[in-house]
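Okay, structure first, notes after.
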Amino acid sequence: MRPAWLVAGFICVMCLARLSFHVGEASAGPLTVASIVLVAVLQLPISLPGRRRLSAALFPAQAVLNYLPLLAEADSWRAGGSGFLAASALLMVSGPAAWLILGLIVVVEGAVASALDLAPVRVYYAVVAPLNLGLMLYGLSRLTDLLDRVDRERSELAARAAEVERLRLWRHVQHLVVSSVSAVEQLARRARHQGEAEAVRKQVSRAVAIARQALDRVRSLPPADSPIPIPSRDRDGRIVRLATPILVVTHVLFIGQSLFNFAVDEALDPGSGEVGHLALLPVTFALQFWHLAALRAGRRPRGLVWTLTAQAMTIYVPLADGETSGLPVSGFFAGVVLLGTRAPVAWPLCVAMCGIAALEGWLTRSPLLAGYQFCSAMGTALAVYGLTRLVAFVTELRQTRTELVEVAALRERLKVGRDVHDLLGRGLTTIVLHGELTLRLLEAAPSRAMEQLERVTEAARAALADTARLSAPDRRLSLVAEVDSARAALESAGAAVWIDAMPVTVPGPAEPVLAVVVREAVTNVLRHSTPNECLIEIAVADGYVRLRVANDGAAHIPASDDGEPNMGLRSLRARLAAVGGDLATTRTGDRFELLARAPADHEDLTPTR
């Protein structure tokens with residue numbers, strides 16, 4: 001049962017109980033009946049989560065409606081019916097003033113009962129009833145409100161965990177890439193000023209080794225073995241601290257009522273059945289707290305069937321001798337049954353136990369008082385169930401929160417790893433390729449080797465710029481810039497580049513995705529091919545932007561563990577699928593072709609040059 005529905009059901013049941021009591025025992029007039037119903041109606045927005053801020057003005061109106069029958073229909077007034085008002089005082093008033101108002105309500109109820117010359121048992125009821133109902137409803141309302149906040153915080157926690165994980169990984173990437181690329185740039189600069197070829201070879205070899213190591217480490221991101229911190233929330237402890245005292249106090253008040261009934265009944269003798277029940281009372285509540293302690297912790301009590309049977313016997317066995325003194329506590333037992341048994345069995349048993357209490361009222365007094373006893377027992381069962389189940393639900397929320405945060409962080413790790421792979425791979429690959437080419441040309445063509453060394457320095461600077469842009473929250477790659485950069489990288493590798501496209505600005509999320517496709521496609525060309533020529537084609541057709549990259553000199557492209565050729569291509573497929581696009585690759589001999597499509601609005605496509 002959802003917490004909000006539980007609160008609403010409890011209010012409705014207790015409203016019916018109060019109506020049955022007043023109409024059955026006092027023949028309440030229409031004003032009293034209307035007052036009881038309106039007080040319960042006002043209680044709904046006061047108690048339900050998310051509406052309390054709008055209901056600040058309802059508490060005074062509820063107080064007026066609650067005591068209006070005392071002034072207009074005093075004969076039908078029955079003390080002890082201000083439980084809703086007591087709960088509202090605790091919910092709507094903050095600080096010690098709330099408890100002072102609660103005490104004032106209890107004093108007023110007791111004073112009215114004494115002024116009406118009621119029996120001591122009735123005076124005790126007038127004091128205890130609003131206190132019990134007020135605490136139960138306050139506990140249920142506050143627990144529901146806190147759980148609602150905790151539930152809403154889960155998305156915030158997940159977002160925060162993802163943000164923390166992203167920042168942590170960016171720091172890792174920046175430390176790795178910046179330190180490595182800076183070292184490469186320094187070594188390349190130093191090599192350009194070396195006079196001897198052997199000294200240049202030594203510096204360039206170190207630079208290539210550093211860049212290759214950084215490339216391998218970047219492609220192995222993210223590090224999956226690092227722990228994920230789970231943010232805590234104070235409200236978890238507040239929920240537990242709130243529910244436990246309310247459960248204890250309400251049970252103690254019912255114990256006190258049973259003891260009081262015995263103490264004031266002068267007709268009882270030591271051999272009476274009620275004295276026998278009084279001896280069973282400690283056993284009844286010992287079993288009750290045994291069950292609740294285990295169920296609140298979210299575990300099934302040992303020997304639950306036998307302990308439930310024992311508790312049932314302490315309540316219902318005296319009925320064989322006509323002794324009904326144990327029935328007032330049957331609502332507590334029904335709450336344990338709701339908690340400890342499966343729903344298809346629990347609810348029929350709960351209704352049956354409340355029905356037994358109602359039957360006793362029907363046979364000894366009147367049908368309307370039978371309705372009161374049924375609703376009173378059912379309300380108590382709902383309160384015990386709710387206060388215990390909501391506390392146990394905190395443990396479930398903690399586990400869910402942990403799983404949610406871990407999933408969010410792991411998704412962020414994969415996303416960062418994909419971004420790093422796609423956006424930094426080409427820069428490091430370019431450094432490695434130009435560095436290796438420099439080493440090959442040192443003996444045969446020293447002047448060309450120095451040109452390649454200059455390109456190593458330029459590639460290092462570009463990689464540093466990519467790293468800075470990668471961690472920017474508003475980073476957005478430009479398709480035009482990536483095409484220009486691809487041309488420069490391919491031409492520097494000695495390939496003839498053909499651009500068959502009118503560069504366009506693609507609206508929405510498609511442009512940065514296609515820009516990444518260009519970057520990863522060119523990276524694959526540089527890493528896995530020795531191209532003589534490469535074609536980059538961009539066209540718009542049938543509502544899609546089509547990007548084609550084709551090259552010759554293709555070598556074997558390594559496959560990932562799941563058979564997908566190249567981890568980068570798998571990443572590109574995921575990116576394109578996220579914006580409604582797709583990607584296909586074909587290989588014919590030594591020619592490799594990549595075709596990517598992303599949806600675009602024809603009217604928003606504007607040429608840039």
Side-chain angles (χ1 to χ4, degrees), residues 173-192 194 197 199-221 417 419-446 448-467 470 482 485-495 497 516 518-532 534 549 551 553-558 560 566-569 571 592:
V173 169
Q174 286 183 326
H175 173 73
L176 168 65
V177 176
V178 171
S179 60
S180 299
V181 174
S182 297
V184 168
E185 185 183 12
Q186 291 177 3
L187 289 169
R189 259 201 327 265
R190 196 180 304 164
R192 290 171 56 198
Q194 296 288 336
V200 173
R201 183 182 301 277
K202 183 177 180 180
Q203 300 289 345
V204 174
S205 296
R206 286 184 59 194
V208 170
I210 292 172
R212 191 183 298 279
Q213 183 182 25
L215 182 61
D216 292 340
R217 293 177 66 185
V218 160
R219 291 184 179 277
S220 66
L221 283 176
D419 287 350
V420 170
H421 175 277
D422 293 347
L423 302 179
L424 294 183
R426 191 182 71 186
L428 294 171
T429 299
T430 303
I431 292 173
V432 172
L433 292 175
H434 285 305
E436 291 177 341
L437 185 58
T438 300
L439 293 175
R440 289 199 299 269
L441 293 174
L442 272 176
E443 299 293 338
R448 288 182 59 195
M450 290 301 104
E451 292 178 5
Q452 294 299 321
L453 193 56
E454 174 64 26
R455 288 174 179 171
V456 169
T457 305
E458 294 173 355
R461 291 170 183 164
L464 290 174
D466 285 341
T467 305
L470 185 64
E482 286 303 318
S485 179
R487 182 203 295 269
L490 290 166
E491 288 178 346
S492 67
V497 182
V516 172
V518 171
R519 177 172 287 210
E520 176 61 21
V522 172
T523 301
N524 283 336
V525 172
L526 295 174
R527 291 186 69 228
H528 304 299
S529 306
T530 53
N532 293 315
C534 183
V549 180
N551 65 280
H556 174 68
I557 298 178
S560 59
N566 192 292
M567 173 185 171
L569 295 181
S571 173
F592 186 82

Original post:
What distance do E185 atom CD and S180 atom OG have between them, rounded to the nearest 0.5 Å?
Top reply: 13.0 Å
Subject >> Value rounded to 0.5 Å, distance of CG in L439 from NE2 in H434 >> reply: 13.0 Å
Original post:
How many angstroms lie between CD in Q186 and CD in Q203, if you round to the nearest 0.5 Å?
Top reply: 10.5 Å
Subject >> Minimum side-chain heavy-atom gap R455-L437 below 4.5 Å >> reply: no
**OP:** Taking salt bridge (charged side-chain N to carboxylate O under 4.0 Å, His left out) as the test, write out the residues that go with E451, two or more places apart.
**Re:** none
**OP:** Specify the closest pair of heavy atoms between I431 and A460, including all atoms of both residues, with the distance to one decimal.
**Re:** CD1-CA, 3.7 Å
Original post:
What's the shortest heavy-atom distance between I210 and A183, and which atoms?
Top reply: CD1-CB, 4.1 Å
Original post:
Taking atom SG of C534 and atom CZ of R487, what is their separation to the nearest 0.5 Å?
Top reply: 11.0 Å
Original post:
With a 4.5 Å limit on heavy-atom distance, are the side chains of L490 and L526 in contact?
Top reply: yes
Subject >> Within 6.0 angstrom of R206 CZ, more than 12 heavy atoms from elsewhere >> reply: no
**OP:** Identify the heavy atoms of A197 and L442 that sit nearest to each other, and give their distance.
**Re:** O-CD1, 4.1 Å
**OP:** Compare every heavy atom of T457 with every heavy atom of R189, then report the nearest pair and how far apart it is.
**Re:** N-OG1, 4.4 Å
Subject >> Side chains of L569 and N524 in contact at under 4.5 Å (non-hydrogen atoms) >> reply: yes
**OP:** Evaluate the criterion side-chain contact (heavy atoms from CB on, under 4.5 Å) for residue pair E454 and M450; output intermediate values, then yes/no.
**Re:** CA-CA 6 Å; E454 174 64 26; M450 290 301 104; over 6 Å; no
**OP:** Output, in order, the C-alpha distance, side-chain angles, deciding distance and verdict of side-chain contact (heavy atoms from CB on, under 4.5 Å) for V204 and L187.
**Re:** CA-CA 7 Å; V204 174; L187 289 169; over 6 Å; no
Original post:
What's the spacing between E482 CD and E520 CD if we round to 0.5 Å?
Top reply: 11.5 Å
Subject >> Minimum heavy-atom distance between G435 and V456, given as atom pair plus value >> reply: N-CG2, 3.6 Å
**OP:** State which residues pass side chain to side chain contact (heavy atoms under 4.5 Å, CB included) with S179; sequence neighbours excluded, sorted by chain then number.
**Re:** none
Original post:
Which atom pair, heavy atoms only, marks the closest approach of T438 to A449?
Top reply: CG2-O, 3.6 Å
**OP:** Could you grab the distance from atom CG of L433 to atom OG1 of T523, nearest 0.5 Å is fine?
**Re:** 9.5 Å
